[in-house]
Number of protein chains: 2
Amino acid sequence: MSTAAETTGGEAEPWEEVTPDAARRLLVAAVEAFAERGYHATTTRDIAGRAGMSPAALYIHYKTKEELLHRISRIGHDKALDILRTAARREGSAKERLADAVSSFVRWHAGRRTTARVVQYELDALGPEARAEILGLRRQVDAEVRGIVEDGVAAGEFDVPDVQGTTLAVLSLCIDVARWFNVDGPRTPEAVGELYAELVLRMVGAG
Amino acid sequence: MSTAAETTGGEAEPWEEVTPDAARRLLVAAVEAFAERGYHATTTRDIAGRAGMSPAALYIHYKTKEELLHRISRIGHDKALDILRTAARREGSAKERLADAVSSFVRWHAGRRTTARVVQYELDALGPEARAEILGLRRQVDAEVRGIVEDGVAAGEFDVPDVQGTTLAVLSLCIDVARWFNVDGPRTPEAVGELYAELVLRMVGAG
DNA sequence: GCCGACGGTGAGCGAGCGCTTAGCGCGGCG
DNA sequence: CGCCGCGCTAAGCGCTCGCTCACCGTCGGC
């Protein structure tokens, strides 16, 4: 009863940048626990137990429980931003880039739902400085999507009266996937990504 | 430093069905605290303090902290379902009814954001039986929206390849308003409701 | 004008929290 | 082969949590 993270395999093995091995095991255990029960309802004893270690082992690799959340949130936001940047900067029309951005962003939120849940819903548990850092990353996320929408409007591909409001709605739609998506449900991450890309193209008048 | 609930006045004064007065004050205090910090991070001492009472007073009106959450969640879901039912059963085309449902549902999530946040995001903190009861209400919420979409498809007003998936997306979009909406931000609940109604009509091919 | 009932308080219980510290086992180097 | 240092554990500290209990003020009925 240990490995449970490789369910929704996809892009490059996650958390590989976290070393040494014991620190990564603790972090993966924390992601699962935070996603299941929430940050405040998760105990350091639970995290250490899932990683097969004693409670004290956690504090060799992390100063506090909050530092664990901060690291998870930081790495997760970096990954999400990387996904959107890749889609935004590829070749193609604004329509193609927006569909790509939405489908890959949604695939990540569905396929790596545990991580996404922690990243998107536990922001308030961070202290002021860590929180401010993450909010900066979120502004960059917003800017990437808004950029594609603006390109589409400028090129005459899209019909969008309220660019900022529509950008907000598109991101909101994608992010909420982490709340409702069920791994045992009838839909695959890929299917939801495709459906959502179509819906978003309709929202910007390019369906 | 007591009253802080009548900020986003709108439909009939909420929580009026909760009596006696002390029980209502405790419940309103709990809604604010749960929305700000989350259920698990809120202490019974904080709730009682916000209501101007001693910690022990809470247990005269509620058996446990979880009973408070259950009552809030139950009343909130009833209200949300009532809003959707009213829109779904009025006279008019499916397009008009869907726009009405989305705009009023969104207005509630934005205007009564503290309540909506607790209702939509603290479900997992409930025990199994209470949770099952609330999930039943959520299925009714889904059925109301799906009904309007099906009507629109049958009447030839909408073009929707995946009715269930689109219904899910519409509800998801509305619910996530409770996560990002900021009372001090640039948008009023009414403006967001109008924008979202337009976006949803585009999603169903009736924009 | 006394009395019971009810809504409320002050103090505190057992438990579990985040985190610390003293010490142990083991692998690499001289 | 002996010893040092690093990764880890067992035990537990101080604190706060949800919740309880003995008691008290006020107010309507006789």
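The chains referred to below are lettered A, B, ... by the order of the sequence lines, with proteins before strands, and numbering in each begins at 1.
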Which residues share a side chain to side chain contact (heavy atoms under 4.5 Å, CB included) with B:His61, sequence neighbours left out: B:Pro20, B:Ala22, B:Ala23, B:Leu26
Residue list, salt bridge (charged side-chain N to carboxylate O under 4.0 Å, His left out) with B:Asp100, at least two apart or on another chain: B:Arg90
Pair A:His40-A:Glu122, side-chain donor/acceptor within less than 3.5 Å: no
5' to 3' contact window, DNA chain D with chain A (heavy-atom distance under 4.0 Å): D:dC8 to D:dG12
Side-chain donor/acceptor of B:His77 to backbone N/O of B:Ser73, under 3.5 Å: yes
Non-neighbouring partners of A:Leu81 that pass side chain to side chain contact (heavy atoms under 4.5 Å, CB included), sequence neighbours left out: A:Arg85, A:Leu137, A:Gln140, A:Val141, A:Glu144
Salt bridge (charged side-chain N to carboxylate O under 4.0 Å, His left out) involving A:Arg45 - partner list, sequence neighbours excluded: none
Selection: residues 34-44 of chain A, any non-hydrogen atom under 4.0 Å of DNA chain C: A:Thr42, A:Thr43, A:Thr44
Set of salt bridge (charged side-chain N to carboxylate O under 4.0 Å, His left out) partners for A:Asp82, sequence neighbours left out: none
Cationic tip of B:Lys65 above B:Tyr39 ring, under 6.0 Å, 45° of axis: yes
Could you list the donor-acceptor pairs under 3.5 angstrom formed between side-chain atoms of residues 169-196 of chain B and any protein atom two or more places apart in sequence or on another chain?
| unit_1 | atom_1 | unit_2 | atom_2 | d |
| --- | --- | --- | --- | --- |
| B:Ser172 | OG | A:Asp176 | OD2 | 2.5 |
| B:Asp176 | OD1 | B:Tyr121 | OH | 3.4 |
| B:Asp176 | OD1 | B:Arg179 | NE | 2.8 |
| B:Asp176 | OD2 | A:Ser172 | OG | 2.5 |
| B:Asp176 | OD2 | B:Arg179 | NE | 3.3 |
| B:Asp176 | OD2 | B:Arg179 | NH2 | 2.8 |
| B:Asn182 | OD1 | B:Asp184 | N | 2.9 |
| B:Arg187 | NH1 | A:Asp162 | OD2 | 3.1 |
| B:Thr188 | OG1 | B:Ala191 | N | 3.0 |

B:Thr42: side chain to side chain contact (heavy atoms under 4.5 Å, CB included) partners, not counting sequence neighbours: B:Ala33, B:Phe34, B:Arg37, B:Asp46, B:Ile47
DNA chain D-proximal residues of residues 65-76 of chain B, any heavy atom under 4.0 Å: B:Lys65
Which atom pairs link the protein and nucleotides 8-12 of chain C when you take only N or O atoms and keep those under 3.5 Å?
| unit_1 | atom_1 | unit_2 | atom_2 | d |
| --- | --- | --- | --- | --- |
| C:dG8 | OP2 | B:His61 | NE2 | 2.8 |
| C:dT9 | OP2 | B:Ser54 | N | 3.0 |
| C:dT9 | OP2 | B:Ser54 | OG | 2.9 |
| C:dG12 | O6 | B:Arg45 | NH2 | 3.4 |

Under-4.0 Å salt bridge between B:Arg71 and B:Glu67: yes
Contacts of A:Arg146 that satisfy salt bridge (charged side-chain N to carboxylate O under 4.0 Å, His left out) - sequence neighbours left out: A:Asp142, A:Glu150
Nucleotide C:dG18, atom P - distance to OH of A:Tyr59 in whole Å: 6 Å
